[in-house]
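Heads up, the thing below is written out as structure tokens.
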Amino acid sequence: MKILVSNDDGIHSPGIHILAEALKELGEVSVVAPDRERNAVGHALTLHKPLRAEEIKKKYFSLNGTPTDCINWGVLHLMMKSPPDLIVSGINKGANLGDDVTYSGTVSAAIEGTLLGIPSIAVSQLGPPPYEFKAASVFAVKIAKQVLSEGLPKDILLNVNVPNLPIEKIRKIKLVSLGRRVYEDNAIIEKVDPRGRKYYWIGGTSILWEDKPGTDNDAVKGHHVSVTPLHLDLTHYGVLKKIKKWEKVLN
Ligand code: MN
């Protein structure tokens, strides 16, 4: 089995090295990761500047691009002649739960893999640091093994979040839906610079979640590993059917 590993924390993050080492149990591992931290870049693709790759050690490549660039270069160039059977992105420093998957570079690498037709998994570990990457890697291998033997339906990827606990304190693997964030009034922090101009910070306050059983945030809160199947077709078919009649009004 050939496995491609990437992340958004960069090639020097310990999370990707622990993950790649652990996955060697399942097959031949290649790593392509950004040369620096590229957190919260979403599904960005670099189109207007050259990309350069450097092999920092055997089968470990650093690329001056986004996680999405890394998967593109890895699948369509490096592994062009023998594409990977599986892509695993992570282990991310910090959770990628609920609505946050849309910002995540970690999840976007797995989205790109899925678009290219390869079964893909994103793995993140909750904060705060220090991270128990070793524990998360055990679950990553377990889930990767299952995906390699069962496959994933077309256009589906798995988003995995692991509590930041020693392995003996982590309970079960739960298959759950995405949770929803609750945005507080103080979500944007306003400050004033030394020249009297205002500036802003997005985030930085604690994240609140809707309290709903069966969601990823609820699972990890209960010390479980959350696994959520995500699909790439964002069409809402129920609403499409319902508002089809708008065509008459709009034309
Ligand atoms: Mn990250």
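First listed ligand is number 1; within each ligand, the first listed atom is number 1. Numbers here simply count residues along the sequence, with the first being 1.
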Self-check item: ring-ring contact (aromatic ring centres under 6.0 Å, His included) involving Phe139 - partner list, sequence neighbours excluded
Solution: none
Quiz prompt | Residue Asn7, metal the Mn ion (ligand 1), N/O/S under 2.8 Å | solution = no
Exercise. Give a yes/no answer: is there an N/O/S atom of Ser124 under 2.8 Å from the Mn ion (ligand 1)?
Key: no
Self-check item: Between Thr228 and Asn159: side-chain donor-acceptor atoms closer than 3.5 Å
Solution: no
Exercise. Scan Asn7, Asn96, Thr106 and name whichever one has a side chain to side chain donor-acceptor pair (under 3.5 Å) with Ser124.
Key: Asn96
Practice problem: Measure from the Mn ion (ligand 1) to every N/O/S atom of Asp8 and report the name of the nearest one. | Solution: OD1
Practice problem: Looking at Asp9, pick out the N, O or S atom nearest to the Mn ion (ligand 1) and give its name. | Solution: OD1
Exercise. Going by the salt bridge (Lys or Arg N to Asp or Glu O under 4.0 Å) test, name the single residue among Asp99, Asp216, Asp100 that passes it with Arg181.
Key: Asp100
